[in-house]
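To start, the structure under review is shown below, and the notes come after it.
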Amino acid sequence: MERTNFEKLDVYKLSEALADDIWNVVAKWEYFAKDTVGKQIVRAADSVGANIAEGSGRGSHQDNRRFVRMARGSLYETIHWLRRAYIRELLSKQQTQNIRAIISELSPKLNAYVRSIQERMTTNKAPSTKYKAQKHKLLTKNERSNQTH
């Protein structure tokens, strides 16, 4: 199966690594921890990649940017739950450092991805509505006859 464009993005690959690392850790927790903090952190981490994927399939730079911004919000939510899990002694210092390393690499790349989408939006602007209105203006009978002369 051929990969879609978002699957080729480093930012997406990092989001997968983050989600998979968190999943592997949370899967070993006791029921109560899994059912509370575990579900929250897994959903937040999974949402990072899901929003990158959905944004890339939306067809417009504006929608893509909006979903990548939601991905960034999900990343920040993941950080929140990571802190809660560490404070509640659900994660070891080493596990937290490993996950933080991925986040430290992913966060600036996610911000750069938002900026690159923004740049494409400003360089690939569609013609103004004023231009479109003039282009499609219906000509009167007099205007049509003047054009042929």
Side-chain angles (χ1 to χ4, degrees), residues 1-29 33-88 90-140 143-144 146-147:
M1 183 160 106
E2 187 177 328
R3 295 180 118 189
T4 55
N5 284 338
F6 72 86
E7 290 175 294
K8 298 172 188 171
L9 296 169
D10 286 342
V11 71
Y12 179 77
K13 292 174 189 174
L14 282 168
S15 73
E16 283 185 311
L18 174 66
D20 291 345
D21 277 9
I22 288 173
W23 174 271
N24 291 330
V25 170
V26 171
K28 297 172 186 155
W29 290 356
K34 250 191 251 187
D35 194 47
T36 54
V37 177
K39 285 181 179 180
Q40 294 289 342
I41 195 169
V42 166
R43 285 181 182 143
D46 282 347
S47 188
V48 177
N51 279 303
I52 293 168
E54 187 169 356
S56 75
R58 285 298 177 136
S60 77
H61 294 309
Q62 187 172 4
D63 277 346
N64 192 7
R65 181 186 61 185
R66 184 167 56 92
F67 277 91
V68 175
R69 284 178 172 165
M70 283 190 270
R72 186 173 52 194
S74 294
L75 181 63
Y76 292 166
E77 181 182 357
T78 302
I79 294 167
H80 164 77
W81 289 115
L82 181 67
R83 291 173 50 85
R84 304 308 326 138
Y86 180 73
I87 289 167
R88 294 173 183 171
L90 299 170
L91 292 172
S92 69
K93 187 173 185 175
Q94 186 61 52
Q95 289 171 322
T96 304
Q97 287 172 343
N98 292 344
I99 294 168
R100 278 279 188 180
I102 297 170
I103 291 170
S104 294
E105 187 177 352
L106 177 56
S107 186
K109 287 186 180 203
L110 204 50
N111 287 327
Y113 188 42
V114 170
R115 283 191 305 275
S116 75
I117 295 166
Q118 182 66 41
E119 288 169 11
R120 283 190 301 242
M121 287 172 63
T122 56
T123 58
N124 295 335
K125 277 191 174 176
S128 71
T129 54
K130 180 180 175 184
Y131 172 76
K132 287 179 184 177
Q134 291 173 350
K135 182 179 177 184
H136 298 291
K137 179 181 173 188
L138 293 175
L139 301 176
T140 64
E143 291 171 326
R144 281 193 303 269
N146 288 338
Q147 280 188 335

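A quick note: this is a predicted structure, and the numbers were derived from the prediction, not measured. All values below were derived from every heavy atom in this structure, side-chain atoms included, with hydrogens, water molecules and symmetry-related copies excluded.
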I need the single residue from N98, V26, L82 that forms a side chain to side chain contact (heavy atoms under 4.5 Å, CB included) with L91. Which is it? L82
Taking the side chain as C-beta and beyond, is there a heavy-atom pair between [X] and [Y] under 4.5 Å?
X: L14; Y: I103; value: no
X: N51; Y: V68; value: no
X: R84; Y: I87; value: yes
X: K93; Y: Y86; value: yes
X: W81; Y: V37; value: yes

Separation of [Y] [atom2] from [X] [atom1] (nearest 0.5 Å):
X: E7; Y: E16; atom1: CD; atom2: CD; answer: 7.0 Å
X: L110; Y: R115; atom1: CG; atom2: CZ; answer: 10.5 Å
X: S116; Y: L9; atom1: OG; atom2: CG; answer: 8.5 Å
X: K109; Y: N111; atom1: NZ; atom2: CG; answer: 12.5 Å
X: L90; Y: K28; atom1: CG; atom2: NZ; answer: 14.0 Å
X: R69; Y: I117; atom1: CZ; atom2: CD1; answer: 9.0 Å

Check: [Y] main-chain N/O paired with [X] side-chain donor or acceptor under 3.5 Å:
X: S15; Y: V48; result: no
X: K34; Y: A27; result: yes
X: T122; Y: E119; result: yes
X: E105; Y: I102; result: no

Please identify each residue that fulfils salt bridge (charged side-chain N to carboxylate O under 4.0 Å, His left out) with E77, with sequence neighbours left out. none
Which atoms form the tightest heavy-atom contact between [X] and [Y], and what is the distance?
X: S60; Y: D63; result: OG-N, 3.0 Å
X: G55; Y: F67; result: CA-CB, 3.5 Å
X: S107; Y: Y76; result: OG-CE2, 4.4 Å
X: F6; Y: Y12; result: O-CB, 3.1 Å
X: S74; Y: A44; result: CB-O, 3.5 Å

Is there any salt bridge (Lys or Arg N to Asp or Glu O under 4.0 Å) pair reaching into residues 36-52, and which pairs are they, with sequence neighbours excluded?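 Listed by first then second residue: D35-K39.
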Applied to residues 47-59, the salt bridge (Lys or Arg N to Asp or Glu O under 4.0 Å) test, sequence neighbours excluded, yields E54-R58
Could you go through R100 and I79, starting from their C-alpha distance and side-chain angles, then the distance that decides it, and tell me whether this counts as side-chain contact (heavy atoms from CB on, under 4.5 Å)? CA-CA 8 Å; R100 278 279 188 180; I79 294 167; 3.6 Å; yes
Should we say atom CD of Q62 is surrounded by more than 12 heavy atoms from elsewhere, each under 6.0 Å from it?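 Open: at most 12 neighbouring heavy atoms sit under 6.0 Å from CD of Q62.
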side-chain contact (heavy atoms from CB on, under 4.5 Å) between Y113 and N64: does it pass, once the steps are laid out? CA-CA 10 Å; Y113 188 42; N64 192 7; 3.6 Å; yes
